[in-house]
Amino acid sequence: MKSLLNTLTVVVMLAVVSIANATPEQDKESFQRFYTERFPDITMEDFGNGVYALDQDARNQWEAMNDFPPYEDDLEKGGELFNTAFANGKNYASCFENGGGNIRQNYPMFDTKRNTVITLELAINECRVANGEKLLPYKKGELAKIAAYMTSTSEGSPINIVIPNNGKALAAYQAGKQYYYSKRGQLNFSCSNCHIQNVGRKARSETLSPALGHTSHFPVYRMKWESFGTLQRRFDSCNKQVRAEPLEGQSEDYRNLEYFLTYMSNGLPVNGPASRK
Amino acid sequence: MINIKHVVLIFCLLTLTASVFAAKATKSDAEESIQSAQQLWDKSIAVGHEWNTVKPLVAQAKQAMETNDFAAAVALANRAAEQAELSLVQAEHEKTNWVNNLPK
């Protein structure tokens with residue numbers, strides 16, 4: 001009996017170690033399978049609508065609101081900002097592949113020369129600095145509007161995050177994965193505790209949204225913010241809710257988290273910008 | 001045989017003793033407590049598990065010290081230190097236990 005228990009313990013430990021060290025592709029498959037098995041009536045594409053894929057009442061209100069999307073003015077402003085020339089005569093389009101159009105689905109990407117994760121918002125600001133302009137605040141304001149405009153040009157394109165088979169890229173991915181699953185804050189919650197283990201259940205009056213598709217529609221216009229906010233602004237809100245101190249915008253931890261989480265939604269179409277409560 | 005009167009008496013004596021000691025907190029006690037809390041807080045930032053409840057407690061402790069309320073400063077700094085310490089325990093625990101939150 002004792003040897004049987006020992007064997008079982010070893011098998012369980014090996015299983016845990018193998019899950020922790022699964023390849024990104026294996027992670028993505030088990031992540032997406034979790035949601036498709038849990039919510040068999042929801043199409044893969046609809047997971048990009050977050051809580052509105054799960055809660056019909058909320059969806060009806062949201063769809064009614066979207067007859068006149070609250071973000072239209074800010075999105076238009078984002079387009080104007082994107083197309084406005086810098087003082088040196090160049091513009092954002094000069095910094096990006098395809099003139100900056102239809103590229104959101106490729107971000108965040110791993111820069112193998114610099115060995116770091118580059119988010120779209122970071123790339124926008126780096127473009128500004130390269131052209132002699134000042135940095136913009138990372139989580140809201142003009143940068144979020146520009147990113148929202150760029151996202152709109154990718155609507156319908158499948159998310160296509162690439163994790164190069166090199167140690168640094170895998171380490172960044174793994175760090176993001178560990179951040180996502182680690183409990184933090186005084187309330188001792190991980191991101192996954194809400195969006196995986198308790199997805200679809202209520203936290204006070206709010207239905208907890210699925211993590212699959214979380215990144216497909218950012219920047220998001222939240223009624224609570226009355227403006228666009230980037231994904232990392234949303235990370236801040238989650239951290240505050242569990243009483244953890246949010247991180248600086250574009251900190252390495254946040255960029256790695258964004259890298260991991262967006263990779264989990266690979267294949268889903270970009271459907272942003274979007275509005276949320 | 002201990003009866004309820006004895007228990008109440010002992011509780012009152014302990015509370016009184018504690019309040020006397022608290023009232024006697026000095027500026028250096030407050031400084032020491034705040035420094036200790038600050039060190040633990042810094043450690044929690046370094047390991048990436050800072051709680052957002054610690055910063056306001058340290059700020060309040062410093063404010064209490066400025067108004068010469070050293071007992072309050074010590075109490076607030078101790079609460080900050082306790083929470084920072086718990087965040088370090090959490091960080092240590094999550095080094096290995098994060099895998100328990102993977103989708104199953």
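Chain letters run A, B, ... following the sequence lines, proteins first, then strands; residues in each count from 1.
With a threshold of 4.5 angstrom between heavy atoms, A/Gln178 approaches chain B through its backbone and through its side chain. Residue contact with chain B, scored on non-hydrogen atoms closer than 4.5 Å, involves the backbone and the side chain of A/Ser182 alike. Proximity to chain B (any heavy atom under 4.5 Å) is shown, for A/Asp253, by neither the backbone nor the side chain.
Evaluation of the side-chain contact (heavy atoms from CB on, under 4.5 Å) rule for A/Ser209 yields A/Val51, A/His195, A/His214 as partners, not counting sequence neighbours. Remark: A/Asn188 pairs with A/Lys183, B/Gln90 by the side-chain contact (heavy atoms from CB on, under 4.5 Å) rule, at least two apart or across chains.
Atom-to-atom distance recorded for A/Ser190:OG and B/Asn100:CG is 10.0 Å, nearest 0.5 angstrom. Once rounded to the nearest 0.5 Å, the distance linking CD of A/Gln186 with OG1 of B/Thr53 reads 4.5 Å. In this structure, the separation between CZ on A/Arg184 and CH2 on B/Trp51 is 12.5 Å, given to the nearest 0.5 Å. Atoms CZ and CD, from A/Arg243 and B/Gln83 in turn, are 9.0 Å apart once rounded to the nearest 0.5 Å.
Within a 6.0 Å radius of CD in A/Glu29, more than 12 heavy atoms belonging to other residues, nucleotides or ligands are found. Enclosure of atom CD in A/Gln241 by more than 12 non-hydrogen atoms of other residues, nucleotides or ligands within 6.0 angstrom is indicated. Heavy-atom neighbours of A/Arg59 CZ from other residues, nucleotides or ligands within 6.0 Å: above the threshold of 12. Counted within 6.0 Å of CD on A/Glu252, heavy atoms from surrounding residues, nucleotides or ligands total 12 or fewer; the atom is thus considered open. Dense packing is recorded around CD of B/Gln60, with more than 12 heavy atoms of other residues, nucleotides or ligands lying under 6.0 Å away. Within a 6.0 Å radius of CD in A/Glu248, other residues, nucleotides and ligands contribute 12 heavy atoms or fewer.
Residues of residues 263-272 of chain A never come closer than 4.5 Å to chain B when only heavy atoms are counted. For a heavy-atom cut-off of 4.5 Å, chain B lies close to no residue in residues 232-239 of chain A.
Contact between B/Leu102 and A/Tyr181 at its shortest, heavy atoms only, is CD2-CE1, 3.4 Å.
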May I have the step-by-step check of side-chain contact (heavy atoms from CB on, under 4.5 Å) for A/Lys177 and B/Trp98, ending in yes or no?
-> CA-CA 9 Å; A/Lys177 177 180 169 183; B/Trp98 63 272; 4.0 Å; yes
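Judged by distance alone, the side chain of A/Gln197 and the main-chain N or O of B/Asn101 form a donor-acceptor pair under 3.5 Å.
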